[in-house]
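Have a look at the structure below before the remarks.
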Amino acid sequence: MISGVLLDLVGVIYDGEDLITGATSAVARLHEAGLPVRFVSNTTRSSKQAILDRLARFGLSIKSDELFTPAQAAREWLGRHEQSPHLLVHPDLVPDFHDLTGSKGKAVVVGDAGEIFDYRTLNRAFRELIEGADFLALAPNRAFKDADGKLSLDAGAFVTALEFASQKRAVILGKPSPDFFLSALNSMHCSKTEAVMVGDDAENDVAGALQAGISCALLVRTGKYRREDENRFKPSPTATVDDISPAVDWIIAKRGI
């Protein structure tokens, strides 16, 4: 039985500046079926407010507490540990870290910094790490679908480089961190055994959700999906569908089982 739904955003709801066909009506059908929905995104090039604004332009007016982002998780981590951030992130994400100060040290925070990734910025982060800073990775994604329709390097490659050089393991805050999934589920009082995740990333969305104990995870053939992704990572998707619309058909059909 399914009583809660987790949806990725980029590649599932929208792709660049384009809404994926049927996405708005698919989300509406979930709500009409009485199923609570949370949006869980590994996007680290846009602030949370910018994501909410984009969704509103697409006709999806969701509340701030329905959207879960790695930057939000990082803010909470930094607050709990009373640490200040050394940011290696995209400039558009910096507002999500305003007014954060800590008296108990520093943490290097790495997201998809885009063109900001260069030897100078990476070396500054490396030096902070070897001098004792903690290491937070907003997401470990290998690649993302860029504006030109091709795959580009995501933050994961740079996180791995810093791990290798500093000999420190990063704390992963976004997907596939079990805590990230569970935080979203707890907000709608949904157990792992009654939840489903829908994503276009077979590794972090789908296999990550299943490894976290979520009962079902659907892979869509939109966004960054490439042929045979459903066979590339384990655990394999519960089902692979063309896009969000048949994913919602599947979820509603399974709701009462």
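Computed from a prediction, not measured in an experiment: that's the story for all the values here. No hydrogens, no waters, no symmetry mates; every other heavy atom, side chains included, goes into these values.
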Within the distance-only criterion (no hydrogens, no angle test), does the side chain of His31 pair as donor or acceptor with the backbone N or O of Ala28 below 3.5 angstrom?
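No, the answer is negative, given that no donor and acceptor are paired below the 3.5 Å cut-off.
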
Using a 3.5 Å distance criterion without hydrogens, assess whether the side chain of Asn186 forms a donor-acceptor pair with backbone atoms of Ser183.
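Side chain of Asn186 to backbone of Ser183, a donor-acceptor pair under 3.5 Å: no, none is there.
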
Does any non-hydrogen side-chain atom of [Y] lie less than 4.5 Å from one of [X]?
X      : Y      : result
Trp77  : Asp179 : no
Phe233 : Val206 : no
His81  : Asp134 : no
Thr44  : His90  : no
Lys145 : Tyr225 : no
His86  : Arg124 : yes
Ser166 : Ile130 : yes
Asp243 : Thr21  : no

If you group Ile, Leu, Val, Met, Phe, Trp and Tyr by side-chain heavy-atom gaps below 4.5 Å, do [X] and [Y] land in one group?
X     : Y      : answer
Ile13 : Ile251 : yes
Val5  : Val248 : yes
Leu78 : Leu87  : yes
Val27 : Ile2   : yes

As a test of understanding, state which of Thr69, Leu88, Asp112, Leu93 forms a side-chain contact (heavy atoms from CB on, under 4.5 Å) with Leu138.
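So, applying the side-chain contact (heavy atoms from CB on, under 4.5 Å) to Leu138 and each of Thr69, Leu88, Asp112, Leu93, only Leu93 qualifies.
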
Just do the side chain to side chain contact (heavy atoms under 4.5 Å, CB included) check on Ile214 and Val196 with the steps written out, would you?
CA-CA 7 Å; Ile214 293 173; Val196 59; 5.6 Å; no

Minimum-distance pair of heavy atoms, taken over all atoms of Val159 and Ala170
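Looking at all heavy atoms of both residues, the closest pair is CG1-CB, 4.0 Å.
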
Closest contact, heavy atoms only, Asp200 versus Gly11:
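Nearest pair, atom of Asp200 first, then Gly11: OD2-CA, 3.5 Å.
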
Would the number of heavy atoms belonging to other residues, nucleotides or ligands and lying under 6.0 Å from [atom1] of [X] be above 12?
X      : atom1 : answer
Arg127 : CZ    : no
Glu228 : CD    : yes
Arg80  : CZ    : yes

Taking NZ, NE, NH1 and NH2 as the nitrogens, is one of them in Asp96 or Arg75 under 4.0 Å from a carboxylate oxygen of the other?
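So Asp96 does not pair with Arg75 through a salt bridge.
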
Ion pair check, Asp249 and Arg29, cut-off under 4.0 Å:
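Arg29 and Asp249: salt-bridged.
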
List in chain and number order the residues that pass side-chain contact (heavy atoms from CB on, under 4.5 Å) with [X], two or more places apart in sequence or in another chain; answer none if no residue qualifies.
X      : answer
Thr193 : Ser191
Pro36  : Met188
Pro235 : Ala207, Leu210, Gln211

Per the side chain to side chain donor-acceptor pair (under 3.5 Å) rule, what does the pair list look like for residues 48-58, sequence neighbours excluded?
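Output for this query lists Glu17-Arg54, Lys48-Ser64, Lys48-Gln72, Gln49-Asp53.
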
Full working for side-chain hydrogen bond (donor to acceptor under 3.5 Å, both in side chains) between Thr121 and Asp118:
CA-CA 6 Å; Thr121 58; Asp118 58 24; 3.0 Å; yes

How many angstroms lie between atom [atom1] of [X] and atom [atom2] of [Y], to the nearest 0.5 angstrom?
X      : Y      : atom1 : atom2 : value
Asn42  : Phe180 : CG    : CZ    : 6.0 Å
Phe126 : Glu131 : CZ    : CD    : 9.5 Å
Asp92  : Thr43  : CG    : OG1   : 12.0 Å
Ser84  : Leu100 : OG    : CG    : 8.5 Å
Leu55  : Thr24  : CG    : OG1   : 9.0 Å

Decide yes or no on side chain to side chain contact (heavy atoms under 4.5 Å, CB included) for Arg38 and Glu66, but give the supporting numbers first.
CA-CA 5 Å; Arg38 294 294 183 268; Glu66 294 175 305; 4.0 Å; yes

Partner set under salt bridge (Lys or Arg N to Asp or Glu O under 4.0 Å) for Arg221, not counting sequence neighbours:
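Arg221 satisfies salt bridge (Lys or Arg N to Asp or Glu O under 4.0 Å) with Asp242 only.
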
Hey, can you tell me if Phe117 and Phe158 have their rings parallel, tilted or perpendicular (30° and 60° cut-offs)?
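Correct class here is parallel.
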
Can you pull out every salt bridge (charged side-chain N to carboxylate O under 4.0 Å, His left out) where at least one residue sits in residues 162-177? Sequence neighbours excluded, please.
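As it turns out, the salt bridge (charged side-chain N to carboxylate O under 4.0 Å, His left out) pairs with a partner in residues 162-177, which skip direct neighbours, are Asp8-Lys175, Glu163-Arg169, Lys175-Asp205.
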
